[in-house]
Amino acid sequence: MPDLPQLLVFIVAGWLLNLTPGPDVLYIITSSLKQGVRAGMVAALGIVSGCMVHVVAAAVGLSALMSTSTLAFNLLKWCGAAYLLYIGVRALLSSGASVPLAGAGTQQATPESVDLWSVYRRGFLTNVLNPKVALFFLAFVPQFIAHDTAHKAWVFLALGVIFNVNSLPINFGYAWLADWATRRSNLVQRGMRWLDRVAGCLFIGFGIRLALTDNPSST
């Protein structure tokens, strides 16, 4: 394991990276805005679970194989792009429906009305089908592992777990802030009918960008 100063740098860098907006943050915020803070937190757990799949795969060498295999990279890339496009189109098609805001008084979503398993599953698939997540861990984590470290795979796995666990406060914070905004901002409530349109366009953009991503090994 890295020494304490280097481990602290790793943790702080992870927090800064998790603050960067992207498909994960967008999904957490929209889930929390529409279905409440519980849904936002479950979305965050699904996203972290998807990241853990890539961490374990990288630790055993599967992600390293994918980073050098154009076929493996493209298969996962196209699956991930298709899924992001699916989410985007689905959001656009549902934008005309009247969706109760999570914090909108008497219309507040109840625990029974929220399909948390579906929220979790979508968050999980958003990350597990994105090869850029695997490549991120392959590029970021090894920088904190000394060349002479014994059992590098176990150290990689431990650092990956630390990174994902430390991402939860950031992701839960996004969920809480989104839920807080719906309870205190009339502007957010009036603008909710545009949320699906904006989110749909963004997810479609993320999907197109992923589809156009080249395997680093081929450049």
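- Centroid-to-centroid, the aromatic rings of F156 and F137 stay 6.0 Å apart or farther.
- For the atom pair N127 CG and H54 NE2, the distance stands at 6.0 Å (nearest 0.5 Å).
- Here the side chains of T126 and D24 are in contact, with some heavy-atom distance below 4.5 Å.
- With values rounded to the nearest 0.5 angstrom, I11 atom CD1 is found 12.0 Å from S167 atom OG.
- One distance of note links CZ of F163 with CZ of F144; it measures 10.0 Å at 0.5 Å rounding.
- Residues L85 and L212 are members of one and the same hydrophobic cluster, defined by side-chain heavy-atom contacts under 4.5 angstrom among Ile, Leu, Val, Met, Phe, Trp and Tyr.
- The side chain to side chain contact (heavy atoms under 4.5 Å, CB included) with V55 is formed by just one residue from the set V133, V141, N164; it is N164.
- Side chain of S32 to main chain of I29: no donor-acceptor pair is present (N/O by atom type, distance under 3.5 Å, no hydrogens or angles).
- A distance of 8.0 Å separates CG of L116 from CD of Q35, quoted to the nearest 0.5 Å.
- The hydrophobic clustering, which links ILVMFWY residues whose side-chain heavy atoms are closer than 4.5 Å, places L8 and L159 apart.
- The two atoms that bring N166 and I170 nearest to each other are O-CG1, 4.3 Å, heavy atoms only.
- Atoms CH2 and CZ, from W117 and F124 in turn, are 8.5 Å apart once rounded to the nearest 0.5 Å.
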When the side chains of residues 40-51 are checked against the rest of the protein, which donor-acceptor pairs come out under 3.5 Å, sequence neighbours left out?
{"from": "S49", "atom 1": "OG", "to": "L45", "atom 2": "O", "distance (Å)": "2.8"}
{"from": "S49", "atom 1": "OG", "to": "Y120", "atom 2": "OH", "distance (Å)": "2.7"}

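- Listed here is the closest heavy atom pair of S31 and V119: OG-CG1, 4.2 Å.
- A pairwise comparison of heavy atoms in W78 and A211 identifies CZ3-CB, 3.5 Å as the closest pair.
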